[in-house]
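These numbers come from a predicted model, not from an experiment.
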Amino acid sequence: MRLEAITWDRLVDRLAERLLDLKPADGSPWPRVAFDGAPAAAPGDLAARVHDALRIRGRSSLVVGTEGFLRPASVRLEHGHHDVDAYYDGWFDTGALWREVFGPLEPGGDGRVLPDLLDPVTDRATRSPYIQLPHDGLLLVHGPLLLRHWFPFDLTVHLLLSPGALRRRTPEAEHWTLPAFERYEGEVDPAGTADVLVRADDPRRPAWSG
């Protein structure tokens, strides 16, 4: 796939403009967008910047990070702190994401979304209040390994890092997760299946598929 060099500011503006016209395929009034990428690629930063760009354009959106839907430590660390299979298959509570985030935004849903469920630092319930997403408001979900769960996204953005860049920009204490992203590339091919691809090897000089 041919990629075009772009600045982050221009990329954010181009994405925001594209999202203004996004219509859900299933008839829902709430478009759902994925910002997929390893933590080292900072997909949450891009989601937050797009959220701000949409607000300036008069469009409501809600940013939800999957780190707020981790399973309790007693479950996700059952097989140890560095179990790659558990990280790949069992760290994130996909059932809660379906129930509290995607379900309310289905056709006929009430639009009331829970922004997070578990504090990853304290390992306790956040007790955050539900947020009412206005009609035509966009859901911007960010996190790793997003495109393997069949979530009903209307547009997917994947932030790609080469294996070398991923290793360099991932803290050494988290290098044990790298095989999970190698498996993700092989099984899901996020770079080939995402609607928008952003190469972020050089954080100062991104490129994208347009």
Side-chain angles (χ1 to χ4, degrees), residues 1 3 15 19 22 24-26 28 30-47 50 62-73 75-106 113-118 120 138-163 165-167 169-170 174-201 208-209:
M1 180 181 295
L3 300 179
L15 281 174
L19 295 183
L22 184 63
D26 62 2
S28 166
W30 301 284
R32 295 142 297 193
V33 183
F35 291 83
D36 174 62
D45 291 351
L46 181 57
V50 171
L62 174 65
V63 178
V64 173
T66 58
E67 75 274 7
F69 287 87
L70 287 172
R71 296 184 187 278
V75 176
R76 69 179 188 272
L77 304 179
E78 180 180 3
H79 301 290
H81 285 72
H82 297 158
D83 187 281
V84 176
D85 291 336
Y87 179 74
Y88 191 76
D89 291 318
W91 269 41
F92 299 97
D93 192 341
T94 55
L97 282 163
W98 277 105
R99 182 179 67 252
E100 304 291 359
V101 178
F102 292 102
L105 303 183
E106 292 177 347
V113 175
L114 189 65
D116 50 52
L117 187 63
L118 189 78
L138 291 106
L139 174 70
L140 312 179
V141 178
H142 65 85
L145 314 173
L146 271 178
L147 305 187
R148 61 180 296 267
H149 298 297
W150 300 101
F151 291 135
F153 291 117
D154 301 295
L155 187 113
T156 54
V157 180
H158 176 64
L159 282 84
L160 174 66
L161 293 176
S162 67
L166 177 61
R167 176 170 289 274
R169 293 171 57 184
T170 298
E174 297 173 15
H175 276 188
W176 67 272
T177 65
L178 297 180
F181 294 105
E182 182 179 357
R183 177 181 171 187
Y184 184 51
E185 293 289 337
E187 293 183 357
V188 179
D189 185 23
T193 58
D195 299 306
V196 177
L197 179 63
V198 179
R199 179 175 283 280
D201 284 1
W208 80 318
S209 60

(message) H158 and side chain to side chain donor-acceptor pair (under 3.5 Å): which single residue from T193, D36, D189 fits?
(response) D36
(message) Surrounding CD of E182 (heavy atoms of other residues, nucleotides or ligands, distance under 6.0 Å), is the total greater than 12?
(response) no
(request) Kindly say whether R76 contributes a backbone atom to a donor-acceptor pair with the side chain of R71 at under 3.5 angstrom? (result) no
(message) Counting C-beta onward and ignoring hydrogens, is there a side-chain heavy-atom pair between V50 and V157 closer than 4.5 Å?
(response) no
(message) Could you report the tightest heavy-atom contact between L70 and L118, atom names first, then the distance?
(response) O-CD2, 3.3 Å
(request) Report the distance from atom CZ of R183 to atom CG of L178, rounding to the nearest 0.5 Å. (result) 15.0 Å
(message) Can you confirm whether V141 sits close enough to L97 that some side-chain heavy atom of one is under 4.5 Å from a side-chain heavy atom of the other?
(response) no
(request) Identify the heavy atoms of F69 and E100 that sit nearest to each other, and give their distance. (result) CE2-CB, 4.3 Å
(request) Could you check if a side-chain atom of L161 sits within less than 4.5 angstrom of a side-chain atom of F181, using non-hydrogen atoms only? (result) no
(message) Does any part of the side chain of F92, heavy atoms only, come nearer than 4.5 Å to the side chain of H149, both counted from C-beta?
(response) no
(message) Nearest 0.5 angstrom please: L145 CG to T66 OG1, how far?
(response) 8.0 Å
(request) Ignoring hydrogens and angles, tell me if any N or O in the side chain of D201 forms a donor-acceptor pair with the backbone of A165 under 3.5 Å. (result) no
(request) Kindly give the heavy-atom pair with the smallest separation between P31 and L22, and that separation in Å. (result) CG-O, 3.5 Å
(request) Applying side chain to side chain donor-acceptor pair (under 3.5 Å), name anything that partners H142, two or more places apart in sequence or on another chain. (result) none
(message) Tell me the closest heavy-atom pair linking V63 and A47, and the distance in Å.
(response) CG2-O, 4.0 Å
(request) Side-chain contact test, heavy atoms from C-beta onward, threshold under 4.5 Å: evaluate it for P144 versus Y87 and give yes or no. (result) yes
(request) Mind telling me whether F102 and F151 have parallel, tilted or perpendicular rings, with 30° and 60° as the class edges? (result) parallel
(request) Mark yes or no for whether T156, through its side chain, and D195, through its backbone, hold a donor-acceptor pair below 3.5 Å. (result) yes
(message) I need the full list of salt bridge (Lys or Arg N to Asp or Glu O under 4.0 Å) pairs touching residues 151-163, with sequence neighbours left out, sorted by first then second residue.
(response) R32-D154
(message) Listing request: all side-chain hydrogen bond (donor to acceptor under 3.5 Å, both in side chains) pairs with a residue in residues 88-97, at least two apart in sequence or in separate chains.
(response) Y88-R148, Y88-E187, D89-R148
(request) Determine the minimum heavy-atom distance between L105 and S28, stating which atoms define it. (result) O-OG, 2.5 Å
(request) Answer yes or no: is there a side-chain heavy-atom contact under 4.5 Å between L139 and W30? (result) no
(request) Would you check if the distance from the ring center of F153 to the ring center of F35 is below 6.0 Å? (result) no
(request) Could you pull out the closest heavy-atom pair between P43 and A38, with the gap in Å? (result) CD-O, 3.4 Å
(request) First locate atom OG1 of T177, then atom CG of D83, and finally report the distance between them rounded to the nearest 0.5 Å. (result) 12.5 Å
